[in-house]
Student: 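So that we are looking at the same thing, I have put the structure below in structure tokens.
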Number of protein chains: 2
Amino acid sequence: MAESVSKHDVFQAIADPTRRRLLRLLGDQEMSVTIISGHFTMSRTAVSKHLRVLADAGLVKDQKVGRETRYRLDPEPLLELKKWLSYYERFWENKLFSLKRYVESDDPAVMESFPPLRVYMENEE
Amino acid sequence: MAESVSKHDVFQAIADPTRRRLLRLLGDQEMSVTIISGHFTMSRTAVSKHLRVLADAGLVKDQKVGRETRYRLDPEPLLELKKWLSYYERFWENKLFSLKRYVESDDPAVMESFPPLRVYMENEE
DNA sequence: AAATTACGAAACAATTTGGTTTCATTTAAT
DNA sequence: ATTAAATGAAACCAAATTGTTTCGTAATTT
């Protein structure tokens, strides 16, 4: 299961809004480059380059069929993102959730569910 | 709950590996700019600019304390990412999970759990 | 066989990004 | 009152990003 080191990483790949639109589009259906670029105002070549970035990140796969190249979504690399995000779950669970309760409750006792404020330390790590 | 339109979006903000390291660092503890930049080889000013990008995306909050500026994580904007990602859950649940079962099972009957291949249509949307 | 279609490569340009060094300002320490 | 520390703003630079147009090539139609 060796993760091949891709030229572009997922974080980089999804940073661009056009590429996020592409992923959505290809989630519905496999499509040729010309059909895909019909959904955008930019040139076909520009779309093609975005597809290349997505392919380098492993987010899409391409397949030659006759003279056309069809792209389809491969969501697998998004698992890395999911994993990265999961680290921050605890912050939502602790801080934000209790904050929401506090804001919505009007009950000062709820304040106790807050974790103590962190102390600023000079020598961390 | 009007989402203020931030100058930088979350996707953009987390695209840079340095900024992802910053988020991790600030998750542990609130810190001053000097202390933070002590964790990086680049200049303090460079780190400061990364912090600015994160702040523009709402991912960190800053607070002036005397002559120093302390930054802390604000994970809330990551919920947008989580929401975006959730769209792709169905793909993992369908395609990948069944693929994994297929690959690992050696049982050709498992093949039936695959959804039919999508037909290429000229006129979508 | 000739024309058309689908596509990527290449060269180019504008803008953004990610870094630097220098400088001014505010606050704290001596 | 000076000096030192903490920081952001500004000017600058190299490289990457995002787009364009032009061209060549392979496959399909006519």
Side-chain angles (χ1 to χ4, degrees), chain A residues 5-26 29-57 59-72 120-124, chain B residues 5-26 29-57 59-72 120-124:
Chain A
V5 180
S6 46
K7 201 165 62 183
H8 291 95
D9 64 286
V10 177
F11 294 93
Q12 173 84 341
I14 66 164
D16 185 272
T18 299
R19 287 195 288 268
R20 291 198 298 278
R21 281 184 59 199
L22 281 167
L23 292 180
R24 278 298 179 103
L25 195 59
L26 296 173
Q29 181 136 33
E30 176 173 308
M31 273 183 240
S32 73
V33 175
T34 302
I35 299 300
I36 293 168
S37 59
H39 290 259
F40 296 84
T41 57
M42 70 186 72
S43 70
R44 175 186 50 77
T45 313
V47 171
S48 191
K49 285 205 280 187
H50 279 300
L51 287 167
R52 180 67 188 283
V53 173
L54 290 173
D56 284 344
L59 284 163
V60 298
K61 299 299 176 196
D62 64 289
Q63 179 197 6
K64 293 279 296 181
V65 176
R67 59 183 163 185
E68 54 186 41
T69 305
R70 298 193 190 159
Y71 282 88
R72 66 180 185 283
Y120 178 69
M121 301 281 296
E122 193 78 13
N123 48 345
E124 29 54 72
Chain B
V5 181
S6 45
K7 201 164 59 182
H8 291 95
D9 63 290
V10 178
F11 294 94
Q12 173 84 341
I14 66 164
D16 186 89
T18 299
R19 288 196 288 270
R20 291 199 297 277
R21 280 184 59 197
L22 280 168
L23 291 180
R24 277 298 178 102
L25 195 58
L26 296 173
Q29 180 137 33
E30 177 173 308
M31 274 182 238
S32 74
V33 175
T34 303
I35 299 299
I36 294 168
S37 59
H39 290 257
F40 296 83
T41 57
M42 70 187 72
S43 71
R44 175 186 50 77
T45 312
V47 171
S48 192
K49 285 204 280 187
H50 280 301
L51 287 168
R52 180 67 187 284
V53 173
L54 290 173
D56 284 344
L59 285 163
V60 298
K61 299 299 175 196
D62 63 288
Q63 179 198 7
K64 293 280 297 183
V65 176
R67 60 184 163 182
E68 53 187 41
T69 305
R70 297 191 190 163
Y71 282 88
R72 67 179 184 284
Y120 178 71
M121 302 280 297
E122 193 79 14
N123 49 346
E124 29 55 73

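Throughout, a chain's letter reflects where its sequence line sits, starting with A, and its residues are numbered from 1. Quick caveat, the model's predicted, so the values are computed rather than measured.
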Student: Side chains of B:Asp56 and B:Arg52: closer than 4.5 Å at any heavy-atom pair?
Tutor: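 The answer is yes, as the side chains (C-beta and beyond) meet within the 4.5 Å cut-off.
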Student: When you compare the side chain of A:Tyr71 with that of A:Leu22, does any pair of heavy atoms fall below 4.5 Å?
Tutor: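 Result no, sub-4.5 Å side-chain heavy-atom pair not found.
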Student: Once you round it to whole Å, what is the distance between C1' of C:dG8 and CG of A:Leu51?
Tutor: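 Rounding to the nearest Å, CG of A:Leu51 and C1' of C:dG8 are 12 Å apart.
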Student: Which residues satisfy the salt bridge (charged side-chain N to carboxylate O under 4.0 Å, His left out) test with A:Lys49, sequence neighbours excluded?
Tutor: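 Once residues adjacent in sequence are excluded, A:Lys49 has no partner under the salt bridge (charged side-chain N to carboxylate O under 4.0 Å, His left out) criterion.
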Student: Go through the structure and list residues passing side chain to side chain contact (heavy atoms under 4.5 Å, CB included) with A:Arg67, not counting sequence neighbours.
Tutor: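 Once residues adjacent in sequence are excluded, A:Arg67 has no partner under the side chain to side chain contact (heavy atoms under 4.5 Å, CB included) criterion.
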Student: Could you tell me the separation between the CD atom of B:Gln63 and the C1' atom of D:dT7, rounded to a whole number of Å?
Tutor: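 The distance from CD of B:Gln63 to C1' of D:dT7 comes to 15 Å, rounded to the nearest Å.
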Student: What is the separation between atom CZ on A:Arg21 and atom P on D:dT18, rounded to the nearest whole Å?
Tutor: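 The answer, rounded to whole Å, is 15 Å.
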Student: Taking CD1 from B:Ile35 and P from D:dA5, how many angstroms apart are they, rounded to a whole number?
Tutor: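 Answer to the nearest Å: 13 Å.
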Student: Check whether any side-chain heavy atom of A:Leu26 sits under 4.5 Å from a side-chain heavy atom of A:Arg24, and report yes or no.
Tutor: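 A:Leu26 does not reach A:Arg24 side chain to side chain.
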Student: Estimate the overall bend of the helix from C:dA1-D:dT30 to C:dT30-D:dA1 from the end axes over five pairs each, rounded to 10 degrees.
Tutor: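 Terminal axis comparison yields 10°.
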Student: List for me each residue that meets side chain to side chain contact (heavy atoms under 4.5 Å, CB included) alongside A:Ser37, sequence neighbours excluded, and say none if there are none.
Tutor: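 Counting only residues at least two positions away or on another chain, A:Ser37 forms a side chain to side chain contact (heavy atoms under 4.5 Å, CB included) with A:Arg44, A:Val47.
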Student: Go along nucleotides 15-22 of chain C 5' to 3' and tag each nucleotide: B for a protein heavy atom under 4.0 Å from its base, S when only backbone or sugar atoms are that close, - otherwise.
Tutor: --SSBBBB
Student: With sequence neighbours excluded, what pairs up with B:Ala55 under the side chain to side chain contact (heavy atoms under 4.5 Å, CB included) test?
Tutor: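 Once residues adjacent in sequence are excluded, the partners of B:Ala55 under the side chain to side chain contact (heavy atoms under 4.5 Å, CB included) criterion are B:Val60.
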Student: Considering only heavy atoms from C-beta outward, does the side chain of B:Arg19 approach that of B:Val53 to under 4.5 Å?
Tutor: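 They are in side-chain contact.
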Student: Produce the list of close N/O pairs, under 3.5 Å, pairing protein atoms with atoms of nucleotides 27-29 of chain D; give distances to one decimal.
Tutor:
from	atom 1	to	atom 2	distance (Å)
D:dT28	O4'	A:Arg67	NE	3.4
D:dT28	O4'	A:Arg67	NH1	3.2

Student: Test A:Arg72 against every option in A:Met31, A:Gln29, A:Lys61 by the side chain to side chain contact (heavy atoms under 4.5 Å, CB included) rule and name the one that passes.
Tutor: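 That would be A:Lys61; it is the only one of A:Met31, A:Gln29, A:Lys61 passing the side chain to side chain contact (heavy atoms under 4.5 Å, CB included) with A:Arg72.
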Student: Can you list the residues that meet the side chain to side chain contact (heavy atoms under 4.5 Å, CB included) rule with A:Ser43, with sequence neighbours excluded?
Tutor: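 A:Thr45, A:Ala46.
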Student: Can you check whether B:Tyr71 has a side-chain N or O nearer than 4.0 Å to OP1 or OP2 of D:dT7?
Tutor: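 For D:dT7, neither OP1 nor OP2 has a side-chain N or O of B:Tyr71 closer than 4.0 Å.
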Student: Atom CG of A:Leu22 to atom P of D:dG19: distance rounded to whole Å?
Tutor: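 Going from CG in A:Leu22 over to P in D:dG19 covers 10 Å.
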Student: Quick one: does B:Arg70's side chain have a donor or acceptor within less than 3.5 Å of a partner on B:Asp62's backbone?
Tutor: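 The answer is no, because no donor-acceptor pair under 3.5 Å joins these two groups.
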